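Take a look at the structure set out below.
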Protein chains: 2
Amino acid sequence: MDSSRPLKQPSRPGARVTAAMVAARAGVSTATVSLVANGKTRGRVSEDNISRVRQAIAELGYVVDSVGSSLARGVSSIVVLVAPDISNPFFAKVIAGVRESLGADFQLLLSVTEAGEFPRADDIRRILALRPAGLLVDAPDAAFLEDLSTTGPMVLLDAPGLEAYAPSVNLDVAHGARELAAHLASSGHRRVAYLDSVTGTATFAIRRTAFLEEAAARGVTVDPAHQISTTIDVGASAEAFAAAWPQWQQAGVTAVVCATDTHAYGVLQEARVAGVRIPDELAVAGFDDLPYSATSNPGLSSVHLPAARLGLKAGEQLRGLIEGRDLEQPQLTLESSLIVRGSTERATAS
Amino acid sequence: MDSSRPLKQPSRPGARVTAAMVAARAGVSTATVSLVANGKTRGRVSEDNISRVRQAIAELGYVVDSVGSSLARGVSSIVVLVAPDISNPFFAKVIAGVRESLGADFQLLLSVTEAGEFPRADDIRRILALRPAGLLVDAPDAAFLEDLSTTGPMVLLDAPGLEAYAPSVNLDVAHGARELAAHLASSGHRRVAYLDSVTGTATFAIRRTAFLEEAAARGVTVDPAHQISTTIDVGASAEAFAAAWPQWQQAGVTAVVCATDTHAYGVLQEARVAGVRIPDELAVAGFDDLPYSATSNPGLSSVHLPAARLGLKAGEQLRGLIEGRDLEQPQLTLESSLIVRGSTERATAS
DNA sequence: CTGAAAGCGCTTACAG
DNA sequence: CTGAAAGCGCTTACAG
């Protein structure tokens with residue numbers, strides 16, 4: 001009599017609906033409710049009870065409590081994404097890809113640390129205490145993976161050279177780097193500078209090494225004195241370029257390759273201030289192909305990396321592991337390739 | 001005898017260390033372990049037992065299992081951030097701010113939906129089933145908040161007009177919008193177009209309304225026929241501008257205001273293609289002041305919004321609620337202001 | 001100050 | 001097909 005509110009509104013707010021309440025309403029045990037709620041009725045629950053329970057669930061607005069469920073099962077439905085830096089548009093895309101592949105069955109928990117730094121053993125413990133269904137680890141170093149020593153499902157993203165630790169999805173940045181070297185060489189550049197990222201992530205070493213090798217093979221000189229590095233930050237990069245440019249210019253440098261587009265934006269910005277004409281006086285290129293590289297003036301030549309696909313594939317692989325499937329290809333590599341824009345297209349291509 | 005491995009390495013990997021194991025080692029009950037692990041020993045545990053337990057915890061590498069803990073307490077240590085779109089550099093900064101204020105005590109769970117869409121009742125239930133310690137909701141609509149009807153701690157971000165639902169942190173976008181109108185008026189513009197976002201988020205309505213009002217007050221005409229809208233996407237915006245420009249030009253439009261910098265990038269891009277000189281032929285401005293707005297050529301005039309502070313403040317407020325404190329100021333508003341750059345700085349300022 | 005015990009909500013052998 | 005019961009790991013009155 002005191003339940004004057006319409007039943008459509010699933011229970012009064014605040015009062016948690018439990019399996020016991022559903023069981024009582026449907027006239028069955030909580031075991032049966034659990035079976036129905038989890039779709040494990042196959043040959044274990046009568047049609048009659050299935051529909052009773054379904055109705056009770058609908059009427060009460062019951063949702064399986066994931067804390068209780070996780071405790072009983074031993075794992076939660078949480079997938080943890082460990083990443084060193086998310087204030088990066090590239091990373092936003094990776095996340096979007098992960099979300100897409102994970103779907104509604106898993107919740108994505110972000111474990112972020114200071115830009116460029118990696119979680120310590122402490123943080124890891126706290127994460128593992130959540131009993132995640134799986135782990136996605138972006139751009140880790142070996143030390144971190146040693147620390148981790150988890151036995152659960154795990155997939156690495158952008159972790160070249162660490163394939164021994166877990167199934168991985170990597171980017172073939174070397175390919176794009178070589179294309180870039182070839183492009184600059186064929187445009188007539190003979191002396192090139194390299195603006196690297198200070199982050200010790202493996203991908204940056206590969207970008208640089210592949211570029212330097214191909215450049216050397218094509219007769220392009222990248223003097224060690226013309227290789228500098230800064231944090232991934234427009235301002236820091238602009239400053240570093242401003243400081244280095246006079247020497248570079250004097251040494252006959254006509255192009256600068258940046259480890260990320262973000263670095264390149266700094267160069268573009270400072271070049272404008274300093275009156276350096278791009279691309280005629282200096283060609284500039286980056287990696288990542290962020291959305292704004294198509295918009296800057298001139299457009300920024302950049303090695304395109306499939307961020308969303310990286311996240312998508314990693315999520316798919318992880319799902320496979322969580323569901324206990326054998327992965328057909330534990331190691332995936334996604335292509336990269338150079339997008340040429342105005343920042344390297346000289347009128348005087350050789 | 002069979003434990004030949006060094007004890008420093010906290011237990012053998014894979015074997016979960018429980019409070020019972022710690023209790024056994026320290027020669028106390030699990031109740032005491034719990035008290036020590038949670039720092040609730042004040043007048044309840046002897047110094048002696050405290051140090052025994054601490055030592056056992058260290059030796060075994062015990063970490064409180066958060067699933068068990070959450071079930072017993074009734075809430076988890078998870079803070080859920082509900083947001084309509086994260087593939088947006090603006091949002092990456094908001095997240096960084098949230099992380100900073102939340103610290104190590106809480107885990108940040110991202111609940112993302114399709115760009116521009118909001119979670120349905122279904123998704124909400126699944127989130128609430130995690131028993132979050134608190135909710136952070138970015139740019140919600142009233143319908144969503146009605147659905148939510150949660151009683152737990154919740155803080156809204158960028159939710160102007162919805163202060164009745166929960167403590168909020170908002171951005172004073174109207175202020176920047178008015179500054180922008182004043183700036184364009186004083187630069188001599190008399191006919192201006194407006195490129196809006198199709199997302200029905202309140203902030204966009206406020207940006208537009210405030211701009212239109214101030215423009216009108218200053219004798220600047222924004223013909224309804226010159227107000228169009230697209231998704232927040234460089235390409236979509238570029239296309240829309242390409243289609244609209246001939247008419248705008250004919251009608252004497254000399255400036256276009258974009259609801260976001262992302263829209264503005266599309267305009268800049270297309271303007272270059274179409275040979276429209278910026279700012280002389282057309283002035284362009286946006287909102288958000290994304291990092292690349294300082295770098296584009298010309299630099300993009302934009303209303304700066306403090307993204308990181310938005311996340312930071314919201315996180316702080318939420319912590320307050322979770323800890324049961326009364327908020328001194330349940331409603332916070334952060335300033336916005338116009339940053340003038342080359343895209344609106346005509347040589348011929350009146 | 002301390003520990004035995006109940007309970008959080010669920011899942012899963014197990015016996016019927 | 002069904003339900004009583006044990007158990008997941010922890011926290012918190014409660015009695016001592």
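Any value given below was found using the heavy atoms of this structure, including those in side chains, with hydrogens, waters and symmetry copies removed. Here the structure is a predicted model, which is why all the values come from computation and not from measurement. Residue numbering restarts at 1 for every chain, and letters A, B, ... go by the order of the sequence lines.
- Under the salt bridge (charged side-chain N to carboxylate O under 4.0 Å, His left out) criterion, B:Arg325 pairs with B:Glu323, sequence neighbours left out.
- For B:Asp65, taking side-chain heavy atoms from C-beta onward, the closest of the listed nucleotides D:dA4, D:dC10, D:dT11 is D:dC10.
- Considering only the side chain of A:Arg131, D:dG9 comes nearest among D:dA4, D:dG9, C:dG9.
- Nucleotide C:dG16 is matched to D:dC1 when pairs are restricted to Watson-Crick or G-U wobble geometry with both distances under 3.5 angstrom.
- Here A:Thr32 reaches the OP1 or OP2 of D:dG3: one of its side-chain N or O atoms lies under 4.0 Å away.
- The shortest distance between the side-chain N/O atoms of A:Asn49 and the OP1/OP2 oxygens of D:dT2 is below 4.0 Å.
- Closest to the A:Ala72 side chain, of the nucleotides C:dT11, D:dC10, D:dT11, is C:dT11.
- Taking atom CG of residue B:Asn38 and atom P of nucleotide D:dG9, one finds them 17 Å apart after rounding to whole Å.
- The environment of B:Gln55 atom CD is sparse: at most 12 non-hydrogen atoms of other residues, nucleotides or ligands sit within 6.0 angstrom.
- Taking only side-chain atoms of A:Val45, from C-beta outward, the nucleotide of D:dT11, D:dT2, C:dG3 with the closest atom is D:dT2.
- Side-chain N or O atoms of A:Arg319 include one that pairs as donor or acceptor with a backbone N or O of A:Leu102 at under 3.5 Å.
- Here A:Ser46 reaches the OP1 or OP2 of D:dT2: one of its side-chain N or O atoms lies under 4.0 Å away.
- Not one side-chain nitrogen or oxygen of B:Ser69 sits closer than 4.0 Å to the OP1 or OP2 atom of D:dC10.
- At the heavy-atom level, A:Val64 lies under 4.0 Å from the strands shown only through sugar-phosphate atoms.
- Within 4.0 Å of A:Arg73, counting heavy atoms only, lie sugar-phosphate atoms of the nucleic acid but no base atom.
- DNA chain D is contacted by both B:Gly68 and B:Leu35; B:Gly68 maps to the nucleotide lying nearer its 5′ end (nearest heavy atom per residue).
- Between A:Arg44 atom CZ and D:dG3 atom P the separation is 13 Å, expressed in whole Å.
- Within the 4.0 angstrom heavy-atom criterion, base atoms lie near A:Ala31.
- Open room surrounds CZ on B:Arg309; 12 or fewer heavy atoms of other groups in view lie less than 6.0 Å from it.
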